[in-house]
Amino acid sequence: MRLKKIVLCMVLASFIAMFGVGKSAHAVSLNVDADVQQVLTVTSVTPLAFGTFATTAAAGTVTFNAGGTISGSGSITLLGSEVGGVVSINAPAVGTATITTVGTNLTGPGTAMPLTANCLGIGGSLGTNNGDCTFTTTVGTQNIDVGGVLTVNASQLAGNYTGTITVTANFQ
């Protein structure tokens with residue numbers, strides 16, 4: 001009889017260990033999220049050209065805001081041939097686009113000249129210098145104007161100066 005009780009206790013202990021009697025299981029639902037972005041491509045159309053200008057010994061600026069007119073301050077005399085920069089975006093859908101412009105230094109035979117860039121979004125919203133312009137897109141290709149402010153150093157050496165503005169497009 002004693003052996004029967006021992007065997008019965010062993011079987012019962014195995015059953016409890018195997019099936020987890022006395023253990024508790026809980027289930028919970030977990031939300032899952034995925035954010036798929038549409039591709040917004042940006043392409044260079046027209047290079048930004050500040051044109052030809054003359055300067056004296058004093059420093060000045062040449063301002064050619066995106067989509068606007070060109071002006072000189074300080075000792076700058078504008079002589080013409082300026083062309084506003086243009087990039088195109090190809091939007092896959094109606095949505096919010098943010099174009100970011102980052103200026104550069106124009107380098108040439110003399111001291112480098114700092115350039116802060118800006119852009120003009122669809123609907124006429126001028127972005128901040130070296131910052132963003134945000135606007136609502138339409139489906140397809142749209143042109144975005146790019147400009148900036150060029151700082152001309154005192155006694156800037158004559159010659160051709162070049163640089164590259166970085167323009168990034170994001171679709172939200």
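Val87 places none of its side-chain heavy atoms less than 4.5 Å from the side chain of Val45. Using a 4.5 Å heavy-atom threshold, the side chains of Leu157 and Thr111 count as separate. Considering only heavy atoms from C-beta on, Phe135 stays 4.5 Å or farther from Thr96 through its side chain. The closest side-chain heavy-atom distance from Leu78 to Val62 is below 4.5 Å. Counting heavy atoms from C-beta on, the side chains of Ile89 and Ile99 come closer than 4.5 Å. At a threshold of 4.5 Å between non-hydrogen side-chain atoms, the residues Val139 and Thr137 do not count as touching.
Summarising the geometry, atom OG1 belonging to Thr61 is positioned 12.0 Å from atom CE belonging to Met113; distances are rounded to the nearest 0.5 Å. Remark: Leu120 CG to Ile144 CD1 distance equals 8.0 Å, nearest 0.5 Å. One distance of note links CG of Leu126 with SG of Cys133; it measures 8.0 Å at 0.5 Å rounding. For the atom pair Tyr161 OH and Leu115 CG, the distance stands at 14.5 Å (nearest 0.5 Å). To the nearest 0.5 angstrom, Asp145 atom CG is 11.0 Å from Asn65 atom CG. Atom CZ of Phe53 is separated from atom OG of Ser81 by 10.5 Å, given to the nearest 0.5 angstrom.
Residues Val167 and Val86 do not share a hydrophobic cluster, defined by chaining ILVMFWY side chains whose heavy atoms lie under 4.5 Å apart.
Between Phe171 and Ala93, the closest heavy-atom pair is CZ-O, 3.3 Å. The heavy-atom pair separating Ala158 from Pro109 by the smallest distance is O-CG, 3.4 Å. Taking all atoms of both residues into account, the shortest heavy-atom contact from Gln142 to Ala91 is NE2-CB, 3.7 Å. Of all heavy-atom pairs between Phe50 and Val149, the closest is CZ-N, 4.4 Å. The two residues Gly147 and Ala66 come nearest to each other via the heavy atoms N-CB, 3.6 Å. Contact detail for Val42 and Ala169: the closest heavy-atom pair is CB-CB, 3.9 Å.
Remark: side-chain polar atoms of Thr101 are paired, donor with acceptor, to backbone N or O of Ala117 under 3.5 angstrom. The backbone N or O of Ala97 lies less than 3.5 Å from no partner atom in the side chain of Asn170, so there is not a single donor-acceptor pair.
Applying the side-chain contact (heavy atoms from CB on, under 4.5 Å) test between Ile76 and each of Leu150, Thr55, Thr56 identifies Thr55 as the sole match. Just one of Val146, Asn130, Val102, Thr116 meets the side-chain contact (heavy atoms from CB on, under 4.5 Å) condition when paired with Ile165; it is Val146.
Thr63 and Ser71 form no side-chain donor-acceptor contact under 3.5 Å, judged by distance and modelled atom types alone. Residues Thr100 and Thr168 have side chains that never bring a donor and an acceptor to within less than 3.5 angstrom of each other.
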